[in-house]
Amino acid sequence: MKIKSAEFVMSNSNVTNAPKDRIPEYAFIGRSNVGKSSLINMLMERKNLAKTSGKPGKTQLINHFKINDEWFLVDLPGYGYAKVSKKKRTIFQYFIENYFKEREQLVCTFVLIDSRHDPQKIDLEFMQFLGENNLPFCIVFTKSDKLAPTKLDKQIASYKKKLLEFWESEPTNFLTSSSTSIGRDELLNFIDQVNKDVADDFK
Ligand code: GTP
Ligand code: MG
């Protein structure tokens, strides 16, 4: 897919105020600092479309971007991090849960996982939550540039093995790096295909 336009539309803390356009929507979520905003910038080939930071907790709101005037891309706050209280740190914020439960246009969620990390409870639970709500998702392994190739292969293979304890088949997954742009074409082609597959539902 060629990116002809990518514009920021709005930020919200309440899904009811999100843009009303009936176009397919894709959400990017994962632990804080996993590289959600960086991945969005890499996909769009724009340096500062989504705000990034070395400190966790940069993205605080639901951010809608309109791509090619055809689909929405949504940058979400990370789960597993909150300045507010320890209790909130273990669950993702209520407004994010509402977003997933109520956003009808949402056709696929990309759950980002740092390639270097072993499976973490919070990510597995989040995928479980999506499954329980019948929300399709893919896994995006991020920061693949940070590991040597053999170590990377091993890490991803063991992650996939863990997934098969919970899922009958391996969820669709992508290996990416915002530094090298690895995975960009695969991810955009996937979105392109889903857009075609759901076109009838959005007429
Ligand atoms: P929050 O909005 O705080 O939840 O974080 P986020 O998931 O949006 O992460 P963000 O894109 O802000 O990136 C966090 C840090 O990781 C930044 O310092 C990025 O430069 C770095 N980073 C993100 N992706 C990559 C990558 O693919 N490779 C490398 N080497 N660094 C990355
Ligand atoms: Mg962010």
Side-chain angles (χ1 to χ4, degrees), residues 3 6-13 15 18 25-67 72-86 88-97 99-100 108-127 129-130 137-153 155-156 159 173-188 190:
I3 304 302
E7 30 165 319
F8 169 72
V9 184
M10 59 161 91
S11 297
N12 271 300
S13 63
V15 62
E25 179 159 316
Y26 299 82
F28 290 76
I29 189 138
R31 290 168 77 86
S32 203
N33 218 41
V34 68
K36 300 174 291 295
S37 303
S38 302
L39 180 76
I40 289 167
N41 291 334
M42 180 274 263
L43 292 173
M44 296 302 126
E45 289 182 315
R46 293 268 298 270
K47 267 206 178 103
N48 296 309
L49 187 65
K51 295 199 180 77
T52 66
S53 164
K55 285 191 218 131
K58 178 69 183 174
T59 310
Q60 296 277 0
L61 296 163
I62 303 168
N63 298 291
H64 274 82
F65 299 89
K66 201 187 233 181
I67 314 302
F72 282 128
L73 184 160
V74 178
D75 189 16
L76 291 165
Y79 49 69
Y81 175 86
K83 271 186 200 156
V84 255
S85 76
K86 246 190 179 165
K88 279 195 178 155
R89 213 167 288 181
T90 54
I91 47 166
F92 59 107
Q93 295 166 58
Y94 191 60
F95 76 94
I96 309 281
E97 182 172 338
Y99 165 81
F100 283 102
C108 186
T109 298
F110 295 102
V111 179
L112 275 62
I113 303 289
D114 190 319
S115 300
R116 297 168 295 177
H117 297 169
D118 293 332
Q120 315 245 336
K121 197 165 167 233
I122 194 163
D123 296 312
L124 299 171
E125 280 177 1
F126 185 73
M127 293 176 215
F129 161 81
L130 292 174
F137 71 90
C138 297
I139 295 175
V140 178
F141 294 104
T142 64
K143 307 192 187 185
S144 66
D145 60 287
K146 293 221 180 201
L147 284 181
T150 45
K151 177 88 181 125
L152 180 66
D153 286 352
Q155 197 67 19
I156 303 297
Y159 202 102
N173 57 84
F174 301 91
L175 188 63
T176 69
S177 161
S178 301
S179 302
T180 67
S181 292
I182 274 176
R184 181 176 185 270
D185 291 349
E186 289 80 357
L187 232 157
L188 288 178
F190 174 84

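Atoms within a ligand are numbered from 1 in the order they appear, just like the ligands themselves.
- Between His64 and the choices Phe8, Phe72, Phe28, the ring-ring contact (aromatic ring centres under 6.0 Å, His included) rule is met once, by Phe72.
- A 4.5 Å side-chain heavy-atom check between Met127 and Ile139 finds at least one atom pair inside the cut-off.
- Listing protein N, O or S atoms at distances below 2.8 Å from the Mg ion (ligand 2), with waters left out, gives Ser37 OG, Thr59 OG1.
- Atoms of ligand 1 lying under 4.0 Å from any heavy atom of Ser177, numbered from 1 in the order shown and given with element: 27 (O).
- Here Lys146 has side-chain heavy atoms under 4.0 Å from ligand 1, and that is the only part of it that gets that close.
- Asp114 and Thr142 form no side-chain donor-acceptor contact under 3.5 Å, judged by distance and modelled atom types alone.
- Between the side chains of Asp123 and Tyr79, at least one donor N or O lies within less than 3.5 Å of an accepting N or O.
- The distance from ligand 1 to the heavy atoms of Lys36 drops below 4.0 Å at these ligand atoms: 1 (P), 4 (O), 5 (O), 6 (P), 7 (O), 8 (O), 9 (O), 11 (O).
- Those atoms of ligand 1 with a heavy atom of Gly78 less than 4.0 angstrom away are 4 (O).
- Summary of contacts: the protein heavy atom closest to atom 5 (O) of ligand 1 is Asn33 N, 3.0 Å.
- With sequence neighbours left out, the side chain to side chain contact (heavy atoms under 4.5 Å, CB included) criterion links Asn41 to Leu49, Ala50, Thr52.
- When the side chain to side chain contact (heavy atoms under 4.5 Å, CB included) test is applied to Glu45, the partners found at least two apart in sequence or on another chain are Arg184.
- Residue-to-ligand polar distances place Lys143 within reach of ligand 1: an N/O pair is separated by less than 3.5 Å.
- The six-membered or imidazole ring of Tyr26 lies away from that of Phe137, with a centre-to-centre distance of 6.0 Å or more.
- Note that CG of Leu175 is 5.0 Å distant from CG of Leu152, once rounded to the nearest 0.5 Å.
- One option in Ser37, Ser53, Gly54 has a heavy atom closer to atom 12 (O) of ligand 1 than any other, and that option is Ser53.
- On a distance-only criterion, Gly35 and ligand 1 share at least one N/O pair closer than 3.5 Å.
- For Lys146, the side chain to side chain contact (heavy atoms under 4.5 Å, CB included) partners two or more places apart in sequence, or in a different chain, are Arg116, Lys143.
- An N or O contact shorter than 3.5 Å links Ser38 to ligand 1 by distance.
- Ser178 N, 2.7 Å is the protein heavy atom nearest to atom 27 (O) of ligand 1.
- Residue Val34 has at least one nitrogen or oxygen atom sitting less than 3.5 Å from a nitrogen or oxygen atom of ligand 1, judged on distance alone.
- By the 30° and 60° cut-offs, the orientation of the rings of Tyr159 relative to Phe141 is perpendicular.
- Shortest non-hydrogen contact noted between Ser11 and Leu61 is CB-CD1, 3.7 Å.
- Of the listed residues (Asp145, Ile182, Thr142), the one carrying the non-hydrogen atom nearest atom 26 (C) of ligand 1 is Asp145.
- Atoms CG and CG, on Leu39 and Leu187 in that order, are 6.5 Å from each other to the nearest 0.5 Å.
- Protein heavy atom at the shortest distance from atom 2 (O) of ligand 1 is Thr59 OG1, 2.7 Å.
- Ser179 OG, 3.3 Å is the protein heavy atom nearest to atom 29 (C) of ligand 1.
- For the 3.5 Å distance criterion, the side chains of Asp75 and Ser37 qualify, holding a donor opposite an acceptor.
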